Amino acid sequence: MTEKTQDKSALVLFSGGQDSATCLAWALERFDHVETLGFYYGQRHDVEMQARLDVRAAMAQQSAAWKARLGEDHTVDIAGYGALAESALTADRAIEMQENGLPSTFVPGRNLVFLTIASALAYRRGHGTMVGGMCETDYSGYPDCRQDTLSALQNAISLGLDETIEIVTPLMFLDKGETWALAYELGGDALVELIRSRTHTCYTGDRSRLHDWGYGCGACPACELREKGWQAWREKGAA
């Protein structure tokens with residue numbers, strides 16, 4: 001899972017949140033052709049599926065080069081999986097820590113399922129690279145976000161397809177402040193503002209309040225991480 005590749009095209013797992021938007025910008029800077037893939041997995045708040053289209057369209061306007069490189073968008077409905085892997089993101093449950101030490105927002109195997117499905121599309125479309133926003137630095141403790149998990153999955157996918165498909169995770173060892181900094185490095189104030197005001201990360205689906213760091217309830221773990229990262233980045237002298 002290196003951060004550099006010689007492949008000329010990539011498939012970005014794109015939810016319309018801060019991390020996937022930053023990864024899309026990262027990919028558009030590095031690949032000649034980039035396609036996106038989104039999943040409807042029975043998430044409680046359809047605002048995520050709406051936001052991803054808005055963010056994607058706005059990013060195409062960031063630069064002529066990005067617009068030229070941005071290819072087709074794909075979506076897949078796996079709501080049946082979401083029902084089987086019930087969590088606070090797919091059912092009316094409280095967001096809390098569970099006895100096993102994982103938050104109730106953990107959707108069992110979500111990244112394993114997403115990347116396995118994505119690999120079928122990547123194989124068919126000729127992409128040798130899949131890009132995801134998984135991170136094991138500032139995250140909610142999900143075991144399927146860790147590098148060891150994704151390295152093993154990359155090996156399994158490549159063996160199963162008899163073709164190497166690389167999983168690239170540009171944010172794996174960045175905290176949320178460094179993720180904001182990367183967005184600024186990639187697209188300056190314009191990209192930071194796009195991510196701040198258009199992306200959606202909040203677990204509760206709240207789009208009623210625009211904070212300094214973006215829309216959200218301000219209380220769920222996703223909002224807390226995003227706010228903490230924003231403050232850390234600003235304190236380091238962001239423009």
Side-chain angles (χ1 to χ4, degrees), residues 10-24 27 34-56 72-98 100 102-125 127 130-136 139-146 149-150 152-154 156-157 160 165 167-169 171-172 198-207 215-217 220-223 225-226:
L11 177 65
V12 177
L13 277 66
F14 185 64
S15 68
Q18 175 188 0
D19 292 345
S20 69
T22 304
C23 285
L24 179 55
V34 177
E35 297 186 355
T36 52
L37 174 62
F39 297 91
Y40 173 71
Y41 59 97
Q43 53 266 57
R44 290 167 58 185
H45 307 290
D46 63 359
V47 63
E48 179 180 302
M49 298 302 288
Q50 298 169 9
R52 66 182 301 279
L53 296 177
D54 178 49
V55 172
R56 192 180 186 279
E72 189 174 345
D73 181 48
H74 310 266
T75 58
V76 60
D77 186 337
I78 53 172
Y81 154 72
L84 290 173
E86 180 185 308
S87 80
L89 295 188
T90 62
D92 188 10
R93 292 174 50 187
I95 297 176
E96 58 189 1
M97 291 302 296
Q98 304 175 111
N100 63 2
L102 293 174
S104 59
T105 52
F106 175 55
V107 184
R110 180 174 60 171
N111 286 331
L112 307 181
V113 172
F114 282 5
L115 285 162
T116 300
I117 292 173
S119 71
L121 179 64
Y123 180 91
R124 182 172 62 83
R125 300 286 292 181
H127 302 301
M130 300 186 295
V131 181
M134 301 80 179
C135 169
E136 68 171 43
Y139 75 133
S140 298
Y142 302 155
D144 60 350
C145 285
R146 297 182 302 211
T149 300
L150 300 179
L153 182 61
Q154 175 180 293
I157 285 172
I165 295 185
I167 299 174
V168 178
T169 52
L171 312 183
M172 180 57 71
R198 292 178 182 258
T199 63
H200 181 82
T201 305
C202 176
Y203 285 157
T204 70
D206 191 333
R207 296 289 292 181
Y215 282 100
C217 68
C220 74
C223 285
L225 279 173
R226 183 162 168 160

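It should be emphasised that the depicted structure is a prediction, and the values quoted were computed from it without experimental measurement.
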Show the nearest heavy-atom pair for residues [X] and [Y], with the distance to one decimal.
| X | Y | answer |
| --- | --- | --- |
| Ala27 | Val12 | CB-CG2, 3.7 Å |
| Cys217 | Cys220 | SG-N, 3.3 Å |
| Cys23 | Gly132 | SG-O, 3.6 Å |
| Val47 | His200 | CG1-NE2, 3.5 Å |

Discussion item. Ile117 vs Phe39, test: side-chain contact (heavy atoms from CB on, under 4.5 Å). Steps then yes/no.
Written reply: CA-CA 10 Å; Ile117 292 173; Phe39 297 91; 3.9 Å; yes
Would you call [X] and [Y] a side-chain contact if the rule is heavy atoms closer than 4.5 Å?
| X | Y | answer |
| --- | --- | --- |
| Leu11 | Ile165 | no |
| Thr199 | Arg226 | yes |
| Tyr215 | Cys202 | no |

Worksheet, complete the sentence: Sequence neighbours excluded, the answer for salt bridge (Lys or Arg N to Asp or Glu O under 4.0 Å) partners of Glu35 is Arg125
Worksheet, complete the sentence: Residues at least two apart in sequence or cross-chain that pass salt bridge (Lys or Arg N to Asp or Glu O under 4.0 Å) with Asp54, listed by chain then number, are Arg198
What's the spacing between [X] [atom1] and [Y] [atom2] if we round to 0.5 Å?
| X | Y | atom1 | atom2 | value |
| --- | --- | --- | --- | --- |
| His74 | Arg124 | NE2 | CZ | 7.0 Å |
| Asp77 | Met49 | CG | CE | 8.5 Å |
| Leu37 | Phe114 | CG | CZ | 9.0 Å |
| Leu13 | Asp19 | CG | CG | 12.5 Å |
| Thr201 | Leu225 | OG1 | CG | 10.0 Å |
| Met172 | Arg146 | CE | CZ | 10.5 Å |

Discussion item. Would the distance check show the side chain of Thr169 and the main-chain N or O of Met134 forming a donor-acceptor pair, the cut-off being under 3.5 Å?
Written reply: no
Worksheet entry | Backbone N/O of Leu112 and side chain of Thr116: donor-acceptor pair under 3.5 Å | yes
Response to the item:
Asp73 meets the side-chain contact (heavy atoms from CB on, under 4.5 Å) criterion, sequence neighbours left out, with Thr36, Arg52, Leu53, Arg56, Thr75
Fill in: Name of the residue among Val131, Val55, Val34 meeting side-chain contact (heavy atoms from CB on, under 4.5 Å) with Phe14
Val55
Discussion item. With side-chain contact (heavy atoms from CB on, under 4.5 Å) as the criterion, how do Thr22 and Leu171 come out once you've worked through the C-alpha distance, each side chain's angles and the decisive distance to 0.1 Å?
Written reply: CA-CA 9 Å; Thr22 304; Leu171 312 183; 4.2 Å; yes
